[in-house]
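These notes concern the structure reproduced below.
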Amino acid sequence: MKKKSKIKMIYVYIGIIIILFGAIFVINNNGKVNALYDKPVSQLNPETRKLLDNPNYQNIILPAELDKKVADKEDFFVYMFASDCSHCMHTTPQLMPLVKELGIDLPQFNLREFPSYFNKYNVEYTPTLAYFKDGVEVARLEGGLAEGAPGSGYSLDDFREFFNKYSGAVAN
């Protein structure tokens, strides 16, 4: 009887080991690092997760890259958005074709994933389009495209004028 009991215990131990390896596999897959954000997908805001495959949100810039551009005193545009911002969701799909048409490199910075940057760059509203010259912000458009009510936002022509005014140093 002891021999049967030992065999049963061996099967129980093997079963536990298989379950543990399965759990480790599941945890590792949930922790896959997303290439755009350099974070595990499980750590991203749910609204950000919805945008991971959206072609309008593929030019993501991370804090270290943004800080380096500033420190290196570069001239550049940056589009600061929040993945849960309805104005951003309205503006971005219309703005990205304009950026492509003008040949502008427009890195996108998701403030929802890096909220300390709201204060760091004094962003009150999203989206915010900023232009940096020699690493210093010199101009911004704060707010998105007008969504109906007069005075409730910018037009695509306003964005076009902003890009044309400052693009001399950053056009591709």
Side-chain angles (χ1 to χ4, degrees), residues 33-172:
V33 174
N34 175 268
L36 289 174
Y37 288 94
D38 198 29
K39 285 182 175 182
V41 173
S42 61
Q43 291 180 11
L44 294 172
N45 180 289
E47 295 304 312
T48 298
R49 287 184 219 151
K50 292 177 185 176
L51 298 176
L52 292 177
D53 295 324
N54 185 320
N56 291 311
Y57 292 93
Q58 297 301 305
N59 196 16
I60 300 299
I61 187 170
L62 299 176
E65 295 169 87
L66 180 57
D67 293 342
K68 184 174 182 341
K69 283 181 165 291
V70 170
D72 290 348
K73 298 183 180 193
E74 292 184 29
D75 298 347
F76 64 97
F77 292 104
V78 65
Y79 179 70
M80 298 182 201
F81 74 100
S83 55
D84 57 355
C85 164
S86 63
H87 304 293
C88 300
M89 298 305 110
H90 174 73
T91 300
T92 307
Q94 297 177 66
L95 187 61
M96 292 306 113
L98 175 63
V99 167
K100 186 175 181 178
E101 172 193 322
L102 296 174
I104 302 290
D105 178 31
L106 184 60
Q108 301 164 309
F109 190 82
N110 188 345
L111 291 160
R112 188 58 57 223
E113 295 303 325
F114 310 102
S116 65
Y117 280 72
F118 272 105
N119 289 333
K120 185 169 184 171
Y121 288 104
N122 299 313
V123 176
E124 291 185 46
Y125 305 102
T126 54
T128 292
L129 174 63
Y131 176 69
F132 287 75
K133 179 154 184 63
D134 298 324
V136 176
E137 184 182 338
V138 295
R140 73 169 48 184
L141 290 179
E142 205 165 40
L145 287 168
E147 296 182 48
S152 67
Y154 297 101
S155 70
L156 268 179
D157 286 335
D158 294 329
F159 281 99
R160 182 184 300 276
E161 287 175 27
F162 185 86
F163 286 125
N164 286 335
K165 182 176 181 178
Y166 296 106
S167 65
V170 297
N172 289 335

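Numbers here simply count residues along the sequence, with the first being 1. Fair warning: this is a prediction, and the values are worked out from it, not measured in the lab. All values below were derived from every heavy atom in this structure, side-chain atoms included, with hydrogens, water molecules and symmetry-related copies excluded.
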Would a line drawn from the ring center of Phe132 to the ring center of Tyr166 be shorter than 6.0 Å? no
All heavy atoms of Gly143 vs all of Phe159, minimum pair found to be O-CZ, 3.9 Å
For Cys88 and Ala82, the nearest pair of non-hydrogen atoms, with its separation, is SG-N, 3.6 Å
Is Thr91 reaching over with its side chain to a backbone N or O of His87, donor-acceptor style, under 3.5 angstrom? yes
What heavy-atom pair brings Ser83 and Asn45 nearest, and what distance separates the two atoms? OG-OD1, 4.0 Å
Note, Leu106 side chain near Met96 side chain (heavy atom, < 4.5 Å): yes
Which heavy atom of Leu36 sits nearest to which heavy atom of Leu62, and what is that distance? O-CD2, 3.5 Å
Ring-face cation contact, Tyr131 with Lys69, 6.0 Å cut, 45° max: no
Might you point out which heavy atoms bring Gly135 and Val70 nearest each other, and give the distance in Å? O-CG1, 3.3 Å
Evaluate Val41 against Arg49 for side chain to side chain contact (heavy atoms under 4.5 Å, CB included), listing each step before the verdict. CA-CA 7 Å; Val41 173; Arg49 287 184 219 151; 3.9 Å; yes
Decide, yes or no, whether a salt bridge links Lys50 with Glu47 under the criterion of side-chain N to carboxylate O below 4.0 Å. yes
Answer yes or no: is there a side-chain heavy-atom contact under 4.5 Å between Thr126 and Met80? no
Check step by step if side-chain hydrogen bond (donor to acceptor under 3.5 Å, both in side chains) holds for Tyr79 and Thr128. CA-CA 6 Å; Tyr79 179 70; Thr128 292; over 6 Å; no
Does atom CG (Asp72) have a neighbourhood of more than 12 heavy atoms from anything else shown, all under 6.0 Å? yes
Residues Asp84 and Arg112 bridged, charged N to O under 4.0 Å: yes
Kindly give the heavy-atom pair with the smallest separation between Asn122 and Glu142, and that separation in Å. O-OE2, 4.0 Å
Starting at CG of Asn54, measure out to OG1 of Thr92 and round the result to the nearest 0.5 Å. 8.5 Å
Atom CG in Leu141, atom OH in Tyr154: separation rounded to 0.5 Å? 5.0 Å
Side-chain contact test, heavy atoms from C-beta onward, threshold under 4.5 Å: evaluate it for Val136 versus Lys73 and give yes or no. no
Go through Phe77 and Ser167 one step at a time and tell me if the side chain to side chain contact (heavy atoms under 4.5 Å, CB included) criterion holds. CA-CA 8 Å; Phe77 292 104; Ser167 65; 4.2 Å; yes
Is Gln108 reaching over with its side chain to a backbone N or O of Asn56, donor-acceptor style, under 3.5 angstrom? yes
Quick one: pull up CD in Glu113 and CG in Asp38 and give me the separation to the nearest 0.5 Å. 12.0 Å
Before you tell me yes or no, could you show the steps for Asn110 and Tyr37 under side-chain hydrogen bond (donor to acceptor under 3.5 Å, both in side chains), namely the whole-Å CA-CA distance, both residues' side-chain angles and the distance that decides it to 0.1 Å? CA-CA 9 Å; Asn110 188 345; Tyr37 288 94; 3.1 Å; yes
Are the side chain of Glu161 and the backbone N or O of Asp158 linked by a donor-acceptor pair below 3.5 Å? no
Taking side chain as C-beta onward, heavy atoms only, is Leu129 less than 4.5 Å from Pro127? no
Expected output: side-chain Arg160 to main-chain Leu102 donor-acceptor under 3.5 Å: no
Determine whether Leu66 and Lys68 satisfy the following criterion, side chain to side chain contact (heavy atoms under 4.5 Å, CB included), listing intermediate values before the conclusion. CA-CA 5 Å; Leu66 180 57; Lys68 184 174 182 341; over 6 Å; no
Asp67 (side chain) donor-acceptor with Ala64 (main chain) under 3.5 angstrom: no
Pairwise distance CG(Leu52) to CG(Leu44) - rounded to 0.5 angstrom: 6.0 Å
To the nearest 0.5 Å, atom CZ of Phe114 lies from atom NZ of Lys39 at 4.5 Å
Before you tell me yes or no, could you show the steps for Leu145 and His90 under side chain to side chain contact (heavy atoms under 4.5 Å, CB included), namely the whole-Å CA-CA distance, both residues' side-chain angles and the distance that decides it to 0.1 Å? CA-CA 7 Å; Leu145 287 168; His90 174 73; 3.9 Å; yes
Partner of Phe81 under ring-ring contact (aromatic ring centres under 6.0 Å, His included), chosen from Phe109, Tyr57, Tyr117: Tyr57
Tell me if a side-chain donor or acceptor on Lys133 pairs with a main-chain N or O of Glu74 at a distance below 3.5 Å. no
